[in-house]
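Because the structure is a prediction, the values reported are computed rather than measured.
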Protein chains: 2
Amino acid sequence: MNAEQRPLRADAQRNLERITASAQALFAERGTAAQMEDIAAHAGVGVGTLYRRFPTKESLLTALVRGRFQEFTVIATEIEATIEDPYDALATMMRRHAETVEDDAAFQLAMMSINSFQWEGIEEDKSALNAVVLRIIERAQRAGAVRADLRIEEYGMLMCATTATMYFLHDRGVWRRHLEIVLDGLRSATA
Amino acid sequence: MNAEQRPLRADAQRNLERITASAQALFAERGTAAQMEDIAAHAGVGVGTLYRRFPTKESLLTALVRGRFQEFTVIATEIEATIEDPYDALATMMRRHAETVEDDAAFQLAMMSINSFQWEGIEEDKSALNAVVLRIIERAQRAGAVRADLRIEEYGMLMCATTATMYFLHDRGVWRRHLEIVLDGLRSATA
DNA sequence: GCGGAAGAGGAACTACGGTTCCGTATAAGC
DNA sequence: GCTTATACGGAACCGTAGTTCCTCTTCCGC
């Protein structure tokens, strides 16, 4: 197969890093509308070089999105281990996840469409995250802090909604308000 | 000025209606990605004819969006006059507004970007709607049914979020779940 | 140092979709 | 019926942005 071939040549490695960084920066700033030529220029390479590493724009975006998405799992795991209070753990996770997305327009779009678009290989990442999130939700439910009818699939939905307020409403901070209202809505009716 | 010129020729009037209906149908089904040629074909006319009435795709979309947006005001006004219970009025308005958007992908996108995109002339429609919504919100607040810190600008934000769950999550009904949680979050902390 | 495989660059190619243009058709008034 | 302003159709045009391709360069093992 196309195996893990020998390491990249030194210059290629260097360029790959610059490309990745530039792509991250431009996608964050301009969303998925960022152009391949601009990314290449920003990285100081030609488009041909860019296409050698990432055969399509989508593959470039996907690589970046997966990388950032995996941070979600790291964050959730860290919170699970750190925060005692079951409700606080859930609330903090949601806030931290939203903050992760805050300054990256392309990532915002990716998060919203995570369930309606085929991001090559994202399914693995998604189930890894789901496992941790599920534990955090169930812990909060067992403690009676969160409505019992909250289902794991709804986590993505709530994040999608929160992210939309960032993406579409260019008013830093509104999303916090949305999340606050949602969190209030998640508290047990009998709290 | 370009005044209200004489009425359209009979055939032109007929075509205008078919164009409007086709555009509405295709934008609803395919979102803003619906193509001008397809719309013309669906209406049984050439693109030239389409462009005679609507000089740009954006103008066509805007006309449709404004039309649908105005329904919002009608709905809100009707609810204000009909529903006694202050909380119920607010909740019903949100549900009805969301339902209005439900089967129209382009309109969903328009609603989400209503504050970040220049929809020619939408400002008027927006302030007409705002007046009614404000009364409904304040009535609910005076009754102590809804958190006192809810601000009128947040209505659009909540609808944006709810709409996003329709647009991105292709699961009819999730949005109702989102709205339910939000509505719970809106109830007075002291309710 | 040399040979060649791996890499770089960027002009050119392509597909797509909105928009224009103009020759032809037709409604509507005399 | 005739005239003409209005309208129609759709091929052609154009800009945009992703992708390809081919020539030239550079790293790296012998």
Item to check | Contact state string [nucleotides 3-13 of chain D, B base, S sugar-phosphate only, - no protein heavy atom under 4.0 Å] | outcome: --BBSBBBB--

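Within residues 27-35 of chain B, no residue approaches DNA chain D, by heavy-atom distance under 4.0 Å.
Between A/Phe168 and B/Phe168, the ring planes lie tilted relative to each other; the angle falls in the 30° to 60° range.
Between A/Glu180 and B/Arg147 there is a salt bridge, since a side-chain N of the basic residue sits under 4.0 Å from a carboxylate O of the acidic one. Between A/Asp103 and A/Arg172, at least one side-chain nitrogen of the basic residue sits less than 4.0 Å from a carboxylate oxygen of the acidic one, meeting the salt-bridge criterion.
The nucleotide range of DNA chain C contacted by chain B, defined by atoms under 4.0 angstrom from heavy atoms of the protein and reported 5' to 3', is C/dG17 to C/dA28.
In A/Glu99, the CD atom is crowded: over 12 heavy atoms of neighbouring residues, nucleotides or ligands sit closer than 6.0 Å. Enclosure of atom CD in A/Glu120 is not indicated, since only 12 or fewer non-hydrogen atoms of other residues, nucleotides or ligands lie within 6.0 angstrom.
Using a 4.5 Å cut-off on side-chain heavy atoms (C-beta onward), A/Asp125 and A/Ile122 make contact.
If you chain together hydrophobic residues whose side chains sit under 4.5 Å apart, A/Met157 and A/Leu134 fall into the same group.
Listed here is the closest heavy atom pair of B/Val65 and B/Phe107: O-CE1, 3.8 Å. In terms of heavy atoms, B/Thr100 sits closest to B/Glu71 at CG2-OE1, 3.7 Å.
With hydrogens and angles ignored, the 3.5 Å screen pairs a side-chain donor or acceptor of B/Gln108 with a backbone N or O of B/Glu102.
Atom-to-atom, CE of A/Met36 to C1' of D/dT16 comes out at 15 Å; the value is rounded to the nearest Å.
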